[in-house]
Trainee: 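Take a look at the following structure, please.
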Number of protein chains: 2
Amino acid sequence: MTAITWQSVQAEALRRIRSREWPPGGQIPHEADLAEELGCARATVNRALRDLAEAGLLERRRKAGTRVPLNPVRKATLDIPIIRQDVEGRGQAYGYRLILRDTTLPPPEIRSLLKLKPKQTLIHILALHLAEAMPFCLEDRWVNPDAVPEFADADLSAISANEWLVQNAAFSAGDFAFGASAATAEAATHLNCPSGAPLFTVERTTWAAALPITAVCLSYAPGYKMRAEI
Amino acid sequence: MTAITWQSVQAEALRRIRSREWPPGGQIPHEADLAEELGCARATVNRALRDLAEAGLLERRRKAGTRVPLNPVRKATLDIPIIRQDVEGRGQAYGYRLILRDTTLPPPEIRSLLKLKPKQTLIHILALHLAEAMPFCLEDRWVNPDAVPEFADADLSAISANEWLVQNAAFSAGDFAFGASAATAEAATHLNCPSGAPLFTVERTTWAAALPITAVCLSYAPGYKMRAEI
DNA sequence: GGCGCTATTATGTGCATACATATTAATCCT
DNA sequence: AGGATTAATATGTATGCACATAATAGCGCC
């Protein structure tokens with residue numbers, strides 16, 4: 001007899017969902033019944049079904065029970081490593097070049113993105129990440145010195161702003177927007193690609209509670225793909 | 001006295017990570033100690049820390065204990081709705097137009113992506129998704145009729161292949177690649193944008209166990225952004 | 001009939017305990 | 001020493017129980 005684990009219960013539940021034994025839109029037996037049927041404790045069933053619900057494969061509501069959603073909104077998990085690790089994870093040599101470091105008034109779109117007061121100045125960083133000495137990603141970053149005062153003294157020739165902030169700035173929340181944009185003349189120069197080339201871009205803002213820490217736009221060299229699994 | 005929940009334990013752990021009370025690279029007290037200190041059961045601490053480890057904020061290993069990673073690989077969760085829900089979730093009217101439906105030999109890159117035998121034919125779908133009657137996303141899809149025989153009879157004028165497959169095909173795994181590409185002449189026609197415009201693209205393959213179900217490339221109209229939170 | 005209260009019910013969570021498992025540290029043997 | 005065996009230990013998981021909480025369904029009242 002093989003032992004019953006929450007994973008085996010989950011696998012069985014998955015099988016029933018996929019085989020349509022539990023049809024889309026339909027209610028499934030409740031935890032206590034399943035526990036009895038499968039010969040395990042309700043907590044074990046709970047763990048299995050809770051995980052499936054988190055992945056979007058089941059919908060659970062108190063009293064209403066558990067059902068298979070008609071249109072499952074699947075959840076994919078994205079790993080967000082620092083760029084150096086992204087490059088090294090591809091088996092390539094990482095390089096890094098600081099292009100610009102300045103303290104100025106940000107453009108209006110950055111100001112509104114970070115919900116800043118009109119005259120707040122930010123530190124502006126432009127840096128190029130390299131893979132095997134080839135341009136990999138252009139980092140255009142604005143950092144709020146009020147949120148991370150030590151950043152002003154950081155030595156960004158040795159370590160990228162990306163890495164410094166991950167290691168030194170405590171943050172609580174952030175959001176991402178992935179998109180495509182045409183390479184500006186400046187970006188094309190740095191990324192060594194034609195002006196107007198389609199670039200995969202990641203825009204990211206980071207917050208410590210209500211305090212904006214940083215807004216960054218990463219433009220990846222043509223051909224870059226970001227991968228995720230379901 | 002406020003009750004202790006696994007969420008409150010998790011919040012306290014997060015606070016200690018962020019305040020560097022538990023410094024990066026450092027070991028944290030083990031579960032039993034934390035449970036005693038916080039006045040709860042070890043299972044409660046376990047639940048709290050396990051969730052943090054899943055989010056990439058802690059590293060746990062049996063016997064070795066739990067530590068705060070030096071370079072946390074944060075995990076972001078992406079919702080992958082069907083395209084109709086994506087459009088409707090933006091408060092826009094959804095529309096859909098089937099452009100092409102054919103059964104042919106796939107190009108070599110699709111064949112190798114899906115690990116097909118040389119002479120295997122696939123169903124080829126080209127469809128346009130609309131938001132407020134404007135082009136939203138171009139869907140270029142190849143479906144393996146061996147994996148979903150009923151697909152051949154599906155009425156794709158009423159429901160998109162995207163939606164039909166989500167509702168009717170059991171699948172177990174899949175992967176995504178996000179990137180940017182220049183609009184081909186044909187894509188530009190359908191998406192009503194200049195040829196060569198930068199398009200955000202999602203490539204996706206789907207599998208039922210070892211059987212390939214479908215490979216799809218979604219090209220979104222210029223300006224589209226996919227959002228995620230951390 | 002329609003509104004609001006209440007009882008019921010399925011999931012959510014906490015706890016104490018026991019044992020499993022992975023991994024390290026210690027020890028023993030050669 | 002050095003390699004293999006063994007003990008120790010932190011996390012992982014199963015269980016039975018209790019109670020919390022949300023949401024529905026049913027009832028009574030007007």
Side-chain angles (χ1 to χ4, degrees), chain A residues 1-14 16-17 21-70 72-73 75 77, chain B residues 1-14 16-17 21-70 72-73 75 77:
Chain A
M1 169 195 167
T2 59
I4 291 175
T5 64
W6 69 265
Q7 288 98 332
S8 72
V9 172
Q10 188 175 71
E12 172 61 15
L14 254 182
R16 294 189 187 183
I17 294 170
E21 202 167 316
W22 291 345
Q27 203 119 9
I28 78 171
H30 53 253
E31 292 186 348
D33 286 355
L34 276 173
E36 197 186 354
E37 183 201 334
L38 300 174
C40 64
R42 188 170 75 88
T44 308
V45 175
N46 182 283
R47 168 87 194 259
L49 299 188
R50 179 162 42 80
D51 266 32
L52 286 177
E54 272 168 24
L57 279 150
L58 288 175
E59 278 174 1
R60 322 193 76 199
R61 269 172 39 233
R62 277 167 169 158
K63 162 78 180 173
T66 302
R67 52 178 56 245
V68 184
L70 270 177
V73 176
K75 266 112 175 140
T77 307
Chain B
M1 168 193 165
T2 58
I4 291 175
T5 65
W6 68 266
Q7 288 96 333
S8 73
V9 172
Q10 187 174 72
E12 172 62 13
L14 254 182
R16 294 188 187 185
I17 294 170
E21 202 169 316
W22 291 345
Q27 204 120 10
I28 77 171
H30 54 253
E31 292 185 348
D33 285 356
L34 276 172
E36 196 186 355
E37 183 200 334
L38 300 173
C40 65
R42 187 169 77 88
T44 308
V45 175
N46 184 283
R47 169 87 194 260
L49 299 189
R50 178 162 42 80
D51 267 31
L52 287 177
E54 271 168 24
L57 280 150
L58 287 175
E59 279 175 0
R60 324 193 75 200
R61 267 171 44 233
R62 275 169 171 160
K63 161 79 180 176
T66 303
R67 53 177 56 246
V68 183
L70 269 177
V73 176
K75 266 114 177 134
T77 306

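In the text below, chain A, chain B and the rest are named by the order of the sequence lines, each starting its count at 1.
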Trainee: Could you please spell out the steps behind the side-chain contact (heavy atoms from CB on, under 4.5 Å) verdict for A:L58 and A:I17?
Mentor: CA-CA 9 Å; A:L58 288 175; A:I17 294 170; 3.8 Å; yes
Trainee: Restricting to pairs with a member in residues 51-69 of chain B, which pass salt bridge (charged side-chain N to carboxylate O under 4.0 Å, His left out), not counting sequence neighbours?
Mentor: B:E31-B:R60
Trainee: If you pin B:A32 and A:C40 to their nearest nucleotides in DNA chain D, which one's is more 5'?
Mentor: B:A32
Trainee: From CZ of B:R67 over to C1' of C:dT23, roughly how many Å is that when rounded to an integer?
Mentor: 14 Å
Trainee: What is the separation between atom CH2 on A:W6 and atom P on C:dT13, rounded to the nearest whole Å?
Mentor: 16 Å
Trainee: Pair A:L38, A:T44 - check side-chain contact (heavy atoms from CB on, under 4.5 Å), show working.
Mentor: CA-CA 10 Å; A:L38 300 174; A:T44 308; over 6 Å; no
Trainee: Is it the case that over 12 heavy atoms from other parts of the model lie below 6.0 angstrom from the CD atom of B:Q7?
Mentor: yes
Trainee: Between B:R60 (CZ) and C:dT23 (P), how many Å, whole number?
Mentor: 14 Å
Trainee: Report yes if a side-chain nitrogen or oxygen of B:R62 is closer than 4.0 Å to either non-bridging phosphate oxygen (OP1 or OP2) of C:dT24; otherwise report no.
Mentor: no
Trainee: What is the separation between atom NZ on A:K63 and atom P on D:dA23, rounded to the nearest whole Å?
Mentor: 12 Å
Trainee: What is the distance, rounded to the nearest whole Å, between atom CD of B:E31 and atom C1' of C:dC19?
Mentor: 15 Å
Trainee: Starting at CD of A:E12, measure out to CD of A:E21 and round the result to the nearest 0.5 Å.
Mentor: 7.0 Å
Trainee: For A:E36 and D:dC17, what is the distance between atoms CD and P respectively, to the nearest whole Å?
Mentor: 14 Å
Trainee: Got a sec? Which of residues 42-59 of chain B come in under 4.0 Å of DNA chain D, heavy atoms?
Mentor: B:R42, B:N46
Trainee: Counting only side-chain N and O atoms of B:T66, is one of them less than 4.0 Å from OP1 or OP2 of D:dA10?
Mentor: no
Trainee: Is the CD atom of A:E37 crowded by more than 12 outside heavy atoms at less than 6.0 Å?
Mentor: yes
Trainee: Judged by each residue's nearest nucleotide on DNA chain C, which is more toward the 5′ side, B:A41 or A:G65?
Mentor: A:G65
Trainee: Measure CG/B:L34 against P/C:dC15 and give the value in whole Å, please.
Mentor: 14 Å
Trainee: Is A:R61 near enough to D:dT21 that one of its side-chain N or O atoms lies under 4.0 angstrom from OP1 or OP2?
Mentor: no
Trainee: Between B:Q7 and C:dT13, is there a contact of a side-chain N or O with OP1 or OP2 at under 4.0 Å?
Mentor: yes
Trainee: May I ask you to test the A:W6-A:C40 pair for a side-chain heavy-atom distance under 4.5 Å?
Mentor: no
Trainee: NA contact type, B:Q27, heavy-atom cut-off 4.0 Å: base, sugar-phosphate, or nothing?
Mentor: nothing
